[in-house]
2 protein chains.
Amino acid sequence: MATGRTHRPATRSRGIPEATVARLPLYLRALTALSERSVPTVSSEELAAAAGVNSAKLRKDFSYLGSYGTRGVGYDVEYLVYQISRELGLTQDWPVVIVGIGNLGAALANYGGFASRGFRVAALIDADPAMTGRQVAGIAVQHSDDLEKIVSDNGVSIGVITTPPGVAQQVCDRLVAAGVTSILNFAPTVLSVPDGVDVRKVDLSIELQILAFHEQRKAGEEHEGTVPPVAAHQDSSEQGPDGDVPAVMPA
Amino acid sequence: MATGRTHRPATRSRGIPEATVARLPLYLRALTALSERSVPTVSSEELAAAAGVNSAKLRKDFSYLGSYGTRGVGYDVEYLVYQISRELGLTQDWPVVIVGIGNLGAALANYGGFASRGFRVAALIDADPAMTGRQVAGIAVQHSDDLEKIVSDNGVSIGVITTPPGVAQQVCDRLVAAGVTSILNFAPTVLSVPDGVDVRKVDLSIELQILAFHEQRKAGEEHEGTVPPVAAHQDSSEQGPDGDVPAVMPA
DNA sequence: ATGTCTTTGTGAACGCGTGCACAAAGATGG
DNA sequence: CCATCTTTGTGCACGCGTTCACAAAGACAT
């Protein structure tokens, strides 16, 4: 899960649990694949396998949306695709702006998964004048001076931040002030936003660090009984807080 | 959080909860910033604010690592940086391969957050012969025919998949067979791996869909008392599973 | 119609994560 | 050495999410 979570707990909408909402796109993807193969119906067991989850969980998830299955048969694929799409709000068009057209911003602009799910890249914005006017993914990059105008003219409510961390908060503030109420943040920074604004965070470095933790654990368990991987002092807080401890972390 | 989760529950290592592990990198980042400003100590309250979490949660998280704080004073920044780095396994070098050097792969190769945290891009791999030999982020792209050799020669245990979804599973299988035991998957596919291999998933499209859900909910709640956003049929399972329902989802 | 077989939908139990609230610990000043 | 004040570390309760297990519902064959 490259998925950091930054959510106020008031996410409970009409009663669909947040965990369920997070899985709906997964089901939708699996269902779309089935739909393309013209499979008419699917059982919870099959669909769960395709989505990589437990079948009981899947059934409970769907039960929050209503009773869309037929006992003894399964779920109608097309119907379910429609229901989930509607529930997720994908039956409408979502204009999105991407701020910060570096490597990552450009990658996102080219990413097919956006357009294919009701999301439309309305504008690319960058602070570098040298970028202004350049075409990325067939869209002309605009200067960040015009950010507010771009957002309001296009009715943008979702913004993607792919800037360096130093300016992310400032960009975020301007987006929010201009009317954006949902932000997908790729900058490694904690964004503070007013109530009513949703922030989701994607942090590549964090994901790798979590993997490293488990990787280290695996390596350490191979030779059981040995002292843990690196140093040795495992015991209580003997060692004073100041002094000899090397600062291993690079900038 | 752009963080999808795909984890076997056996993640429990020596007792550090998975949720805590996921937050350690956050603390580490905040602490590193403090360290650069030469701040000697920090209270749980301050650090929690910087990391964007509750202070009680932070203290409980740290309590799993041991008693590293001083009551009445707070935590020693340098010492804590070291302890967390060690716990996450960042005191050692992790060679990483990136497979699939498209827009996203190139963006990751250039991403600073990798090198700065003990991760080293050992190789870039792509299936396109036209890419072979091209320099990306100062590293020559190698052909995927040599994947197995590259992995074993460099002792790589962490692989990053940024290929198109169609080949992701196949690439994953080859990585695992070559000895990779941790995978960060950016392809929108459910990867199946043998036990003992960790997969974390970053799915940009899913994050946007979750945002769209909340966005739609906000829009719908503005005019309270109205019927929910799109259509109207909210009631029980009247409508038969087959028939009139339009398939709105594009491919 | 009736019986059998498949699959859904959900009640209930369990476990993890979160947050409150407070006692213990130590620093600091007199 | 004692009193006070700050801040940690944690026991406890609560709520969410997951999973099991099964009854209800419907399809299908006879």
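Just so you know, these numbers use all the heavy atoms, side chains as well, and skip hydrogens, waters and symmetry mates. Per chain, numbering begins at 1; letters A, B, ... match sequence-line order.
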Position toward the 5' end of DNA chain D (nearest nucleotide), Asp61(A) or Gly72(A) = Asp61(A)
Nearest non-hydrogen partners of Ile16(B) and Leu65(B), listed with the distance = CD1-CD2, 3.7 Å
Between Arg71(A) (CZ) and dA24(D) (P), how many Å, whole number?
-> 10 Å
Could one point to a donor on the side chain of Lys60(A) or the base of dT18(D) with an acceptor on the other under 3.5 Å away?
-> no
Nucleotide of dG9(D), dT18(D), dT18(C) approaching Arg23(A) most closely (side-chain heavy atoms) | dT18(D)
Rounded interatomic separation in angstrom, taking CZ from Arg59(A) and C1' from dA21(D) | 10 Å
Nearest heavy-atom neighbours spanning Val180(A) and Ile183(A) | CG1-CG1, 3.9 Å
Measure the distance from OH on Tyr79(A) to P on dT8(C) and round it to the nearest whole Å.
-> 16 Å
Separation of atom CD in Glu46(B) from atom P in dT6(D), rounded to whole Å = 14 Å
Ala56(A) vs Thr20(B), nearer the 5' end of DNA chain C by closest nucleotide | Ala56(A)
Between dG9(C) atom C1' and Leu47(A) atom CG, what is the distance in whole Å?
-> 16 Å
Atom OH of Tyr64(A) to atom P of dT10(C): distance rounded to whole Å?
-> 10 Å
So which nucleotide from dA27(C), dT8(C), dT18(C) ends up closest to the side chain of Lys57(B)?
-> dT18(C)
Between C1' of dG17(D) and CD of Glu18(A), the distance in whole Å = 12 Å
Given dA27(C), dG17(C), dT18(D), which nucleotide is nearest the side-chain atoms of Val73(B)?
-> dA27(C)
How about Arg86(A) and Thr91(A): does a side-chain donor come under 3.5 Å of a side-chain acceptor?
-> no
side-chain N/O Ser44(B) vs dT8(D) OP1/OP2, d < 4.0 Å | yes
Please determine if a side-chain N or O atom of Tyr75(A) lies less than 4.0 Å away from the OP1 or OP2 oxygen of dG9(C).
-> yes
Nearest non-hydrogen partners of Asp198(B) and His214(A), listed with the distance | OD2-CB, 3.2 Å
Going through the distances and angles, do Gln83(B) and Tyr79(B) end up as a side-chain hydrogen bond (donor to acceptor under 3.5 Å, both in side chains)?
-> CA-CA 6 Å; Gln83(B) 289 299 342; Tyr79(B) 187 60; 3.1 Å; yes
Report the distance from atom CG of Leu24(B) to atom P of dG17(C), rounded to the nearest whole Å.
-> 13 Å
